[in-house]
Amino acid sequence: MKITIVYDNEVKKGRLRAGWGFSAFIESEEAPPILFDTGADSPTLLHNMKELNIDPKNIETIVISHAHGDHTGGLSEILRINEMAELFLPSSFRRAFPGRKVTMVKDAIQICENVFSTGELEGVEQSLAIRTEKGIFVVTGCAHPAMRNILGAASKFGKVYGIAGGFHGFHDFNLFENLSLIYPCHCTQYKEEILDLFPGKALACGAGLVIEL
């Protein structure tokens, strides 16, 4: 399993562009490629995808965490380029996509082999729970629902091993004590505190980061 951060507030690789938003590309031998969120704008998203050798036409599944613009800004252009990708949207998403296969997610569901949605939590946002040999790895958009709720929902699929994504204003840091891998990305307000509290386990995020699981 490999997760590549495509869009983030910071960059980890030369020639990539930063922007206020988030997007991650998920690859595995067992499942088709998944794009989780689409950043805030298509030029930055597509530039970074090109630099990372990710072909938008090869994406088979697009999952949107929540309807905020910093996670949906590149969606229209991706859908223009890719006419076949299936969409998994939180049930509160109010935009229609005629002719496209769309699953509106309310409760926890399996998206594909070893990849699950937590379901739409607090009526606003879904996260991904990815099953790996080491345990469940969680990918969040902004973590608008309480982190306790996200980790609790993900733990229904197995013991949570790690997490990456936007954590927003999360500061109940003891919830991360049993995790082995932590990547605070995008909107995480307390990035430096998390990196300081969990040395060796918490690592810097940024566009171009590749997480091998």
Side-chain angles (χ1 to χ4, degrees), residues 1-27 36-40 44-45 48 51-52 63 65-66 68-71 73 115-116 118 121-122 124-213:
M1 182 74 68
K2 182 169 78 170
I3 301 172
T4 302
I5 305 302
V6 180
Y7 196 118
D8 190 61
N9 300 31
E10 302 177 30
V11 296
K12 295 282 286 184
K13 186 176 179 181
R15 297 178 60 87
L16 297 184
R17 298 173 184 168
W20 180 268
F22 188 72
S23 179
F25 183 64
I26 301 162
E27 303 169 89
F36 178 78
D37 285 344
T38 62
T44 301
L45 179 71
N48 288 357
E51 291 294 327
L52 294 167
V63 180
S65 62
H66 61 299
H68 294 176
D70 50 342
H71 298 261
V115 180
F116 306 85
T118 59
L121 304 177
E122 301 295 312
V124 65
E125 183 175 345
Q126 63 177 328
S127 297
L128 290 184
I130 302 171
R131 183 175 289 150
T132 76
E133 293 181 356
K134 298 176 182 178
I136 297 296
F137 192 85
V138 179
V139 183
T140 70
C142 272
H144 287 295
M147 185 64 75
R148 186 179 299 276
N149 292 338
I150 294 171
L151 294 178
S155 69
K156 295 175 183 178
F157 302 105
K159 180 177 173 56
V160 177
Y161 165 76
I163 188 169
F167 303 160
H168 224 37
F170 163 73
H171 59 276
D172 189 6
F173 302 128
N174 64 302
L175 291 177
F176 283 171
E177 288 180 355
N178 294 323
L179 301 186
S180 298
L181 199 54
I182 305 162
Y183 289 97
C185 308
H186 176 40
C187 60
T188 305
Q189 188 173 339
Y190 298 104
K191 284 183 184 178
E192 295 305 320
E193 288 87 344
I194 292 170
L195 294 173
D196 289 342
L197 280 171
F198 302 100
K201 298 199 302 183
L203 303 168
C205 189
L209 171 71
V210 175
I211 306 169
E212 299 271 5
L213 300 170

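This one's a predicted model, so the numbers in the text were calculated from it and none came from an experiment.
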Flag side-chain contact, heavy atom, 4.5 Å: [X] against [Y]:
{"X": "Leu16", "Y": "Leu52", "value": "yes"}
{"X": "Phe173", "Y": "Ile194", "value": "yes"}
{"X": "Leu179", "Y": "Tyr161", "value": "no"}
{"X": "Lys12", "Y": "Ile5", "value": "no"}
{"X": "Tyr183", "Y": "Leu209", "value": "yes"}
{"X": "Leu213", "Y": "Leu181", "value": "yes"}
{"X": "Leu151", "Y": "Phe176", "value": "yes"}

Requested in this report: Would you mind telling me which of Val63, Leu128, Val139 makes a side-chain contact (heavy atoms from CB on, under 4.5 Å) with Val115?
Outcome: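 With Val115 as partner, side-chain contact (heavy atoms from CB on, under 4.5 Å) holds for just one option, Leu128.
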
Using modelled atom types only, decide if a donor and an acceptor are shared between the side chain of [X] and the backbone of [Y] within a distance under 3.5 Å.
{"X": "Glu125", "Y": "His144", "value": "yes"}
{"X": "Asn48", "Y": "Gly208", "value": "no"}
{"X": "Ser155", "Y": "Gly158", "value": "no"}
{"X": "Thr118", "Y": "Ser127", "value": "yes"}

At their closest point, which heavy atom of [X] faces which heavy atom of [Y], and how far apart are they?
{"X": "Thr140", "Y": "Ile163", "value": "CG2-CD1, 3.9 Å"}
{"X": "Pro184", "Y": "Leu195", "value": "CG-CD2, 4.2 Å"}
{"X": "Thr188", "Y": "Cys185", "value": "OG1-O, 2.7 Å"}
{"X": "Ile136", "Y": "Arg131", "value": "CD1-CA, 3.7 Å"}
{"X": "Ala24", "Y": "Ile3", "value": "CB-CG2, 4.1 Å"}
{"X": "Lys13", "Y": "Glu51", "value": "NZ-O, 4.3 Å"}

Can you tell me how far [atom2] of [Y] sits from [atom1] of [X], rounded to the nearest 0.5 angstrom?
{"X": "Tyr7", "Y": "Arg17", "atom1": "OH", "atom2": "CZ", "answer": "10.5 Å"}
{"X": "Phe116", "Y": "Gln126", "atom1": "CZ", "atom2": "CD", "answer": "14.0 Å"}
{"X": "Asp172", "Y": "Arg148", "atom1": "CG", "atom2": "CZ", "answer": "5.0 Å"}
{"X": "His66", "Y": "Leu121", "atom1": "NE2", "atom2": "CG", "answer": "12.5 Å"}
{"X": "Cys205", "Y": "Phe167", "atom1": "SG", "atom2": "CZ", "answer": "8.5 Å"}
{"X": "Thr4", "Y": "Glu212", "atom1": "OG1", "atom2": "CD", "answer": "8.0 Å"}

Query raised in the report: Is atom CD of Glu193 surrounded by more than 12 heavy atoms (other residues, nucleotides or ligands) closer than 6.0 Å?
Result: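 Counting neighbours around CD of Glu193, more than 12 heavy atoms of other residues, nucleotides or ligands fall under 6.0 Å, so yes.
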
Report task. Step through the shown structure and confirm whether more than 12 heavy atoms of other residues, nucleotides or ligands are within 6.0 Å of CG on Asn178. Result -> no

Query raised in the report: Sequence neighbours excluded, which residues qualify as side chain to side chain contact (heavy atoms under 4.5 Å, CB included) partners of Cys187?
Result: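 Partners of Cys187 under the side chain to side chain contact (heavy atoms under 4.5 Å, CB included) test: Trp20, Cys142, His168.
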
Query raised in the report: In terms of side-chain heavy atoms, does Asn9 have a donor or acceptor partner in His186 at a distance below 3.5 Å?
Result: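 Checked: Asn9/His186 side chains pair up, N/O donor to acceptor below 3.5 Å.
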
**Report entry** By side-chain hydrogen bond (donor to acceptor under 3.5 Å, both in side chains) - contacts of Ser65 (at least two apart)
**Finding:**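 Expected list: Asp37.
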
